[in-house]
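As the structure lists them, so they are numbered: ligands from 1, and atoms in each ligand from 1.
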Amino acid sequence: MTIEEIDKALFEAAEAARARAYAPYSKFQVGAAILADDSKIYAGCNVENAAYPVGNCAEPSAIAAMLAGGGTRIRRVYVTGPGTLPVTPCGGCRQRIREFADPGVEIVSHGVDGTPLVQTLDQLLPHSFGPEHL
Ligand code: THU
């Protein structure tokens, strides 16, 4: 598969998950898709809650789907959301991705009415703390 074909598949998986996002409070539906080390794509959406702080982002939903489905490492991430600005992972999600991805792994952030932004994990979370520190 070419990188264009991979990104098309990731985009479609992220968008399918985003359509099912539970975001009644922010109205900001987000989808995330992961290409994992088992060559499968795992997707997730944000899940908000009436007790606002306990809502989940889309990225940990996709990570949980990866682990439950048998993947162990993240090879590429694609995040989609509304608007024109790239929907970049929040700080906490960068750290959650860090747990399962090497520094050079690329994260595509896409506000679906705009242009996708491709950055490495190391660009998004430089000098990061990880399992090897412990
Ligand atoms: N959100 C995500 O799911 N992922 C991101 O990378 C950015 C923000 C969600 C959290 C909340 O449900 C909504 O977007 C608005 O912040």
Practice item. Find out whether Q29 and P82 are in side-chain contact, i.e. whether some heavy atom of one side chain is under 4.5 Å from a heavy atom of the other. Key: no
Exercise for review: Give the residue, atom name and distance (to 0.1 Å) of the protein heavy atom nearest atom 10 (C) of ligand 1.
Suggested key: C57 SG, 3.9 Å
Review point. Of the protein's non-hydrogen atoms, which lies at the shortest distance from atom 3 (O) of ligand 1, and what is that distance?
Key: A58 N, 2.8 Å
Check your understanding: Is any side-chain N of the basic residue among K8 and E12 closer than 4.0 Å to the acidic one's carboxylate O?
Key -> yes
Review point. What protein heavy atom sits nearest atom 4 (N) of ligand 1, and how far off is it?
Key: E59 OE1, 2.9 Å
Check your understanding: Got the closest protein heavy atom to atom 16 (O) of ligand 1, with its distance?
Key -> F28 CD2, 4.8 Å
Exercise for review: Name the closest protein heavy atom to atom 7 (C) of ligand 1, giving the residue it belongs to and the distance to 0.1 Å.
Suggested key: T88 O, 4.2 Å
Check your understanding: Are any of the side-chain nitrogens in E15 or R18 under 4.0 Å away from the carboxylate oxygens of its partner?
Key -> yes
Point to revise | Residues R98 and E132 bridged, charged N to O under 4.0 Å | key: yes
Review point. Which atoms from ligand 1 have a heavy atom of V30 less than 4.0 Å away?
Key: 1 (N), 2 (C), 3 (O), 4 (N), 9 (C), 14 (O)
Point to revise | Under 4.0 Å to a heavy atom of C90 - the qualifying atoms of ligand 1, by number | key: 6 (O)
Review point. Taking a hydrophobic cluster as the set of Ile, Leu, Val, Met, Phe, Trp and Tyr residues connected by side-chain heavy atoms closer than 4.5 Å, whether directly or through intermediates, do Y52 and Y22 fall within one such cluster?
Key: yes
**Study point:** Selected option - heavy-atom contact closest to atom 15 (C) of ligand 1, from S26, G44, G81
**Key:** S26
Review point. Does P89 reach ligand 1, in the sense of a heavy atom lying below 4.0 Å from it?
Key: yes
**Study point:** N/O donor-acceptor pair under 3.5 Å between R94 side chain and L125 backbone
**Key:** no
Practice item. Give a yes or no on whether I34 and L121 share a hydrophobic cluster (residues Ile, Leu, Val, Met, Phe, Trp, Tyr; joining criterion: side-chain heavy atoms under 4.5 Å apart). Key: yes
Point to revise | Heavy-atom side-chain contact between P60 and C93 under 4.5 Å | key: yes
Revision key, fill the gap. Nearest non-hydrogen protein atom to atom 11 (C) of ligand 1, with distance, is E48 OE2, 3.3 Å
Check your understanding: Which residue and non-hydrogen atom of the protein lie closest to atom 9 (C) of ligand 1, and at what distance in Å?
Key -> N46 ND2, 3.5 Å
Practice item. Check whether any heavy atom of A23 sits under 4.0 Å from an atom of ligand 1. Key: no
